[in-house]
Engineer: 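Can you keep this structure in mind? I'll have questions shortly.
Here the structure is a predicted model, which is why all the values come from computation and not from measurement.
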Amino acid sequence: SEIEIAFRFCSSPVIAITGTNGKTTTTVLTGEIFKNAGFDAKVCGNVGLAFSEVADELNENSVVILEVSSFQLNDIEEFKPKVSVMLNVAPDHIDWHGSFGNYLGAKLNITGNQDGSDLAVINYDDIILRDAVEGKMKKSYFSIKENLKRTGISKGSFIEEGKIIYFDDEKNIYEEIMRADEINIRGNHNLYNSLASIISARAFEIKSEIIRDTLKSFAGVEHRIEFVREINGIRFYNDSKATNIDSLIVALESFEGNIVLILGGREKGNDYTRVDELVRKKVKVIIAVGETGGKIFGHFSNYVKTLKADSFKDAVEKSYEAASAGDVVLLSPACKSFDMFDSYEHRGKEFKRIVLEL
């Protein structure tokens, strides 16, 4: 594995972040917090630069903020992050790993070499992860559903009465970071991402005010529920990075309703029944596009207005025609892009280009 090779030349602490969804946002956000705190933060891995590209640029003030995928983790041997972050896990890349068990096992490799001097940051609300992570490392949990102090956990971050709390019983710390509604990026998924970043930053004793200021100003990452433009009261959002059903669920849950949804691309075995309830509740019109457009039309046209698009440009134009003032046009395809584009980035940039020309 490339991260295995790079790690053997790495002289700085590594914060490694994985999860089925949210890892790019969490990686970039964590990097911003560390940069604002004066660290030489090297944001790399699955998010852009390869780990190997920064391994010989490190100094005594460097921290590597590394996004790692299940593919990268599958073949590690000695890779051992100072802090590992596990955001969530749901079935993905099963065609490559062969089973969910293999996929989960690859994800869990992130903690496999950690010891008592290291920290694992774990989503308490993800029951699979909560039960699966084992080892001698220290553990810190985050939750938006539970007051973790009442569960007997000694270290973590949670939300109580709209306030983000960080605590560490070992250091006798219990502090309010900020109000949850002050975070600039929207959606419950971004609350999870923010809590994970807070724990990682506090592990390096970054001050709460620096964390708070960063969370108030951080605008998110490109292609992940990214605001593009408002035209005649219609807001356009680029979520091209949503290449699976779980990412689509996250996107739909981020809006109150009145959504015109562009859906489709290349997929293998998507179970669209998982979003039926959300679609009924929040989506006005679906624009079906790409290789799997016929399957999408066949499933959703039974209960929501669904239109077929002949091309990606046609899909964007049809979405604009179908929307009214106050509506949201959301590109959240739940499919990979390779039927029409080089990558999800290529798809997202094309979406933005077309929207800016409307």
Engineer: Assess Arg280 against Tyr303: is NZ or CZ under 6.0 Å from the centre of the six-membered ring, and within 45 degrees of the ring's axis?
Structural biologist: yes
Engineer: Hey, is the main chain of Tyr124 close enough, under 3.5 Å, to the side chain of Arg130 for a donor-acceptor pair?
Structural biologist: yes
Engineer: Is it true that Glu222 and Lys352 make a salt bridge, defined as a side-chain N closer than 4.0 Å to a carboxylate O?
Structural biologist: yes
Engineer: Just wondering, do Thr18 and Val85 contact through their side chains at under 4.5 Å, heavy atoms?
Structural biologist: no
Engineer: Looking only at heavy atoms, what is the nearest atom pair of Ala325 and Ile234, with distance?
Structural biologist: N-CG1, 4.1 Å
Engineer: Using 4.0 Å as the upper bound for N to carboxylate O, is an ion pair formed by Arg150 and Glu146?
Structural biologist: no
Engineer: When you compare the side chains of Arg224 and Thr25, does any donor N or O come within less than 3.5 Å of an acceptor on the partner?
Structural biologist: no
Engineer: Ion pair present between Lys80 and Asp115, side-chain N to carboxylate O less than 4.0 angstrom?
Structural biologist: yes
Engineer: Check Asn109 against Ile76 and note the closest heavy-atom contact, atom names and distance.
Structural biologist: O-CD1, 3.3 Å
Engineer: Looking at Glu350 and Lys313, is any side-chain nitrogen of the basic one under 4.0 Å from a carboxylate oxygen of the acidic one?
Structural biologist: no
Engineer: I'd like to know whether Val328 forms a side-chain contact (heavy atoms from CB on, under 4.5 Å) with Phe255, so could you lay out the CA-CA distance, the side-chain angles of the two residues, the decisive distance to 0.1 Å, and finally the verdict.
Structural biologist: CA-CA 8 Å; Val328 166; Phe255 299 95; 3.9 Å; yes
Engineer: Salt bridge between Glu182 and Arg212, side-chain N to carboxylate O under 4.0 Å?
Structural biologist: no
Engineer: For Lys241, is there an ion pair with Glu345 - N to carboxylate O distance below 4.0 angstrom?
Structural biologist: no
Engineer: Centroid separation under 6.0 Å, is that true for the rings of Phe51 and Phe7?
Structural biologist: no
Engineer: So, Glu267 versus Thr292: side-chain donor-acceptor pair below 3.5 Å or not?
Structural biologist: yes
Engineer: With a 3.5 Å cut-off and no angle check, do the side chains of Asp271 and Thr273 form a donor-acceptor pair?
Structural biologist: yes
Engineer: Quick one about Ser62 and Asp40 (side-chain donor to acceptor, distance below 3.5 Å, no hydrogens or angles considered), yes or no?
Structural biologist: yes
Engineer: Quick test of your reading of the model: are Arg8 and Glu77 salt-bridged, counting only N-O distances below 4.0 Å?
Structural biologist: yes
Engineer: So, Glu170 versus Ser154: side-chain donor-acceptor pair below 3.5 Å or not?
Structural biologist: no
Engineer: Check whether the ring centres of Phe158 and Phe142 lie less than 6.0 Å apart, and answer yes or no.
Structural biologist: no
Engineer: Between the side chains of Thr20 and Asp246, does any donor sit under 3.5 Å from an acceptor?
Structural biologist: no
Engineer: Just by distance, with hydrogens left out, do Ser332 and Asp239 show a side-chain donor and acceptor under 3.5 Å apart?
Structural biologist: yes
Engineer: Side chain of Lys295, backbone of Asn270: donor and acceptor closer than 3.5 Å?
Structural biologist: yes
Engineer: Whether the Thr30 and Ser197 side chains hold a donor-acceptor pair (N or O, under 3.5 Å, no angle test) is what I'd like checked.
Structural biologist: yes
Engineer: Just checking, any donor-acceptor pair under 3.5 angstrom between side chains of Asp168 and Tyr174?
Structural biologist: no
Engineer: Any chance the side chains of Asp276 and His299 put a donor and an acceptor closer than 3.5 Å?
Structural biologist: yes
Engineer: Any side-chain donor paired with an acceptor under 3.5 Å for Glu2 and Ser52?
Structural biologist: yes
Engineer: Do Lys149 and Asp169 sit within salt-bridge range, that is, some charged N less than 4.0 Å from a carboxylate O?
Structural biologist: yes
Engineer: Tell me whether Asp327 contacts the main-chain N or O of Ser324 through its side chain, where contact means a donor paired with an acceptor under 3.5 Å.
Structural biologist: yes
Engineer: Between Arg235 and Glu230, is there a salt bridge with N-O shorter than 4.0 Å?
Structural biologist: no
